[in-house]
Amino acid sequence: MSGFSLFDLNPEQEQAVRTTEGPLLILAGAGTGKTRVITMRVAFLISQGVDPSHILAVTFTNKAADEMRERLAKMIEPSQAKKVTMSTFHALCVRILRQDIEKLGWKKNFSIYDEGDQMGLIKKIITRTAAKDEKLDPNVAKNLISKAKNNGWREVSPGDEKTLAGAVFARYQAELKTLNAVDFDDLLLLAVKVLSEHADVRDRWHRRFRYLMVDEFQDTNRLQLELVSMLAKPAEGTGGRPNVAVVGDDDQSIYGWRGAEVSNILEFEAHFPDPVVVKLEQNYRSTNAILNTANFLIKNNPRRRPKKLWSSAGDGDKVRIVGMSDDRQEAEFIANEIAQRSVTESAPHEEFAILFRMNAQSRLLETNLRQLNIPYRIIGGKSFFDRREVKDLLAYANCLVNTDDDVSLLRIINTPARGISSNTVEKATDFSAKQKCSVFDVLTNEAFRGTLTKRTVESLDRFVEMLDRFETKLNTPLSDHAAVLREMMKETGYLDELKRTCKTPQEALSRETNLMDLLKSFEDYQGRSSEGLRGFLDEMSLRQEREEDDDDARGTGVTLITLHAAKGLEYPHVYLIGLEEGLLPHDRSKLEGTVDEERRLLYVGITRARRTLALSWCRHRIRYGSPMPCTPSSFIKELPPEWIIHRDATQILQAPVSEAAAKSKFGALRAAVERAAG
DNA sequence: TGCTTTATAGTTTTT
DNA sequence: CTATAAAGCA
């Protein structure tokens, strides 16, 4: 059952696993067995006598952390595996801050604001701060704030407040603090701050973690690098070297637009001097036709660590570049071909994936796949956490845990309607701003209540009493927190109101199910953790990932996915569509000077394919309703001529056909007829 | 308070 | 074109 063997590794992988002391940079190309190396390195460390609780493995996403945990549990004693800390950057920061955030002036029960909460707050501040003729896009403001936090303008200088954006930033920060809340960037920022300003805190975490590993290092931003440095670097003068192993691939850095710094991996030696550098170049995923296409393309990037993927799997089929007359033909062609190939090559639908730059491109594909009755699943889309009822319940819960959390309080203060009008709410927020206290405190403030009608005051009393009562219930020792929430949903009439406002019974059922699912997962959480509601809310805030496919069609069908979301995944047969100038590379990237990142994006897409790969481009594409002429992506000229083959969809469709191909043509014909009829 | 109309913009997305 | 958000209306 359990166990691991270094004999299963190639020489480079083995070197990566065996290098346990000092800085280590593992340059792991696509499909080179990265996760295997990381988990085996952890197992190896433990086999060498390292206390598992001294090992920290940081990942970017929960999914990656979960996968690592699972794999490790198969290699070593599960009780040992459990002691290893495997966590995302943000979850690690929450752990640090829950202990010591009071040193920075927040209370221990701080709330974590997700992007939605953050946007709500920013919008509110903009409308309050902006003069009549001034306007500021809240999205722009959000990005500015995030950039500011990541670039270390920790505080705003007085001069910055003259601009609207500067003023909004300053007020946003101040307001978060009075709300006793932090956003995602703050988690990193404040963790770095508390570690750098408090030697005792730093020492404690130093003693805790002796061996650090960081996955997807090319995606780390400046604060994440600082955090790693802070945790890894032995105190000045001790002469020790940091045991920090990072794994990543600069060629797969595709998140620069949200703060990732490729320089973290490109200039690793500057941050951690004299590291051992191991390159993993043997690929276990793709054919050499695919790998050479990828290698040849990525060579065009100037700033990179040279790498050349190779495989012992043979050459494979050439990579097809298919020219299409327009995006309709592109979708139709691909749907038809998948229908055909699933028969002639007896390839199940789940072996196919269609990759694209923009979500909007999936629409036509969906239409065509549906017409041919080909099952498909779209990765991405709306998140479970964006659903109104889920946010409402979490807001109720947040109010019980942190009464200063105005954003949550305002969300539920009159949901369902309980006689607290928007007018009253506005008065209350104004009052709280003047008094520099939370809205909840204002509700019981006599001076404020004096300005209201008797009726309104009664409504407020009922609301406050309700929150107080459930808060007390929650804090009763041994109370079942999930049951308290469930009771609250009933008693406040929220559940009834939710069902009442649904147009269809199906909708009512699905919304109620969402609520019950959330409560169920809270019960599960209570079963495995003693952190209570606060811990559950942390986990919910930090697990924002989109849920996988809708129940029944799990893991079946053709995958439709963006290039970004496809990173880390693989499919036997890949169609990569829309290789047109302006789409890939995207127009905006030329404006912003990030064409290199677009090239890496295409590189990521190409290296998803195991056996066959087709790239397509259209001569016309419908944009904003009308057809626009397109030219093939400049990246196509960068591909190796001997490993690719150019085709044209129109010619293929007109060529004499085999029986199987004839079937697909019939399908297209039937589809066309159905379209005309419908 | 909830619904309809109108305006507007329009990559990529996890924590 | 079409999704979404804000504004206006009953």
Side-chain angles (χ1 to χ4, degrees), chain A residues 58-65 87-94 112-120 123 127 135 137-140 142-143 146 149-150 182-189 191 215-216 219-221 223-224 227 253-260 327 355-364 379-383 385-386 414-423 497 500-501 503 538-547 561-568 578 582-592 594 597-598 600-602 604-605 621-628:
Chain A
V58 195
T59 62
F60 227 69
T61 65
N62 291 298
K63 198 177 150 201
S87 155
T88 64
F89 275 104
H90 294 263
L92 175 67
C93 290
V94 171
I112 301 166
Y113 278 9
D114 67 20
E115 230 150 15
D117 304 324
Q118 194 188 7
M119 275 297 262
K123 278 180 189 164
T127 49
K135 55 171 183 272
D137 181 350
N139 264 308
V140 172
K142 195 196 75 187
N143 288 334
S146 180
K149 289 185 177 183
N150 277 295
V182 301
D183 63 25
F184 285 138
D185 292 320
D186 284 338
L187 289 174
L188 301 167
L189 182 65
D215 191 17
E216 304 280 18
D219 288 338
T220 53
N221 63 26
L223 285 170
Q224 286 158 337
L227 181 73
S253 165
I254 56 174
Y255 287 109
W257 52 274
R258 63 173 201 216
D327 48 348
L355 276 52
F356 37 80
R357 179 66 233 262
M358 289 193 300
N359 288 117
Q361 288 174 267
S362 71
R363 267 187 106 91
L364 269 176
I379 309 288
K382 68 268 160 251
S383 163
F385 296 93
D386 287 338
N414 202 33
T415 313
R418 48 171 74 88
I420 304 172
S421 69
S422 57
N423 215 320
E497 174 73 7
R500 192 184 64 78
T501 54
K503 288 194 186 76
D538 283 353
E539 191 164 296
M540 287 299 104
S541 305
L542 299 177
R543 277 202 177 258
Q544 294 271 316
E545 89 263 5
R546 287 143 213 288
E547 62 185 338
I561 190 169
T562 62
L563 289 163
H564 282 93
K567 195 178 80 167
L583 228 186
L584 185 65
H586 196 277
D587 271 331
R588 201 163 292 188
S589 74
K590 294 191 215 169
L591 240 66
E592 292 166 0
T594 54
E597 187 157 303
E598 297 284 302
R600 293 194 288 262
L601 198 50
L602 177 54
V604 166
R621 176 174 296 277
I622 310 272
R623 270 199 160 185
Y624 312 138
S626 48
M628 303 284 282

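Residue contacts for K123(A): at a heavy-atom cut-off of 4.0 Å it reaches the sugar-phosphate backbone alone, with no base atom in range. No engagement by N139(A) is indicated, since no non-hydrogen atom pair under 4.0 Å with the nucleic acid exists. Nucleic acid contact for R363(A): sugar-phosphate only, since backbone atoms but no base atoms lie under 4.0 Å from a heavy atom of the residue. Among the protein residues, F60(A) comes within range of the sugar-phosphate backbone only, with heavy atoms under 4.0 Å from sugar or phosphate atoms but none that close to a base. Here Q361(A) lies out of heavy-atom contact (under 4.0 Å) with every strand.
In this structure D117(A) satisfies the side chain to side chain donor-acceptor pair (under 3.5 Å) test with no other residue, sequence neighbours excluded. With sequence neighbours left out, H586(A) forms a ring pair (Phe, Tyr, Trp, His ring centres under 6.0 Å) with no residue at all.
Mapped onto DNA chain B by nearest heavy atom, D137(A) and K142(A) fall at different nucleotides, with D137(A) at the one closer to the 5' end. For E598(A) and R543(A), each mapped to the nucleotide of DNA chain B holding its nearest heavy atom, the one lying further toward the 5' end belongs to E598(A).
Using a cutoff of 4.0 Å between basic side-chain nitrogens and carboxylate oxygens, D219(A) and K567(A) are scored as salt-bridged. Between K590(A) and E598(A) there is no salt bridge, since no side-chain N of the basic residue sits under 4.0 Å from a carboxylate O of the acidic one.
With a heavy-atom cut-off of 4.0 Å to chain A, the contacted part of DNA chain C has its first and last nucleotide at dC1(C) to dA6(C).
Atom pair K567(A):NZ and dT14(B):C1' shows a separation of 11 Å (rounding to whole Å applied). Remark: C1' of dA9(B) and CE of M358(A) are 13 Å apart, rounded to the nearest angstrom. Taking atom NE2 on H90(A) and atom C1' on dT13(B), their separation rounds to 12 Å, with Å as the unit. The interatomic distance linking L188(A) (CG) with dT14(B) (P) rounds to 16 Å, in whole Å. With rounding to whole Å, D185(A) atom CG is found 12 Å from dT14(B) atom C1'. Distance, L355(A) CG to dT13(B) C1': 16 Å, rounded to whole Å. Atom CG of N150(A) and atom P of dT14(B) are 17 Å apart (whole Å). Atom-to-atom, CZ of R588(A) to P of dG10(B) comes out at 6 Å; the value is rounded to the nearest Å.
Out of dT1(B), dG10(B), dT15(B), the shortest distance to the side chain of N414(A) is found at dT1(B). Here the side chain of Q544(A) is nearest to one of dT15(B), dG10(B), dT12(B), namely dT15(B). Residue T88(A) has its side chain nearest to dT15(B) when only dT12(B), dT15(B), dG10(B) are considered. Among the nucleotides dT12(B), dG2(B), dT15(B), the one closest to the side chain of E497(A) is dG2(B). Picking from dT15(B), dT12(B), dT14(B) the nucleotide with the shortest atom distance to the side chain of R258(A) gives dT14(B). Residue N62(A) places its side chain closer to dT15(B) than to any other of dT15(B), dG2(B), dT13(B).
Q544(A) contributes no side-chain N or O that, together with a main-chain N or O of D114(A), makes up a donor-acceptor pair within less than 3.5 Å. With hydrogens and angles disregarded, a donor-acceptor distance shorter than 3.5 Å links the side chain of D327(A) to the backbone of I622(A).
Relative orientation of the Y255(A) and H564(A) rings is tilted, given thresholds of 30° and 60° on the angle between their planes.
Nucleotides dA3(C) and dT14(B) have their C1' atoms positioned 23 Å apart, rounded to a whole Å.
For dT12(B), the base is not stacked against the aromatic ring of Y255(A), per a cut-off of 5.5 Å between centres and 30° between planes.
When all heavy atoms are compared, the tightest approach of S541(A) to F184(A) is O-CZ, 3.3 Å.
At the phosphate of dT15(B), neither OP1 nor OP2 sits under 4.0 Å from any side-chain N or O atom of S541(A). Proximity of N359(A) to the phosphate of dT13(B): a side-chain N or O atom is located under 4.0 Å from OP1 or OP2.
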Problem set entry | Test log, rule side-chain contact (heavy atoms from CB on, under 4.5 Å), inputs L583(A) and F356(A) | CA-CA 9 Å; L583(A) 228 186; F356(A) 37 80; over 6 Å; no
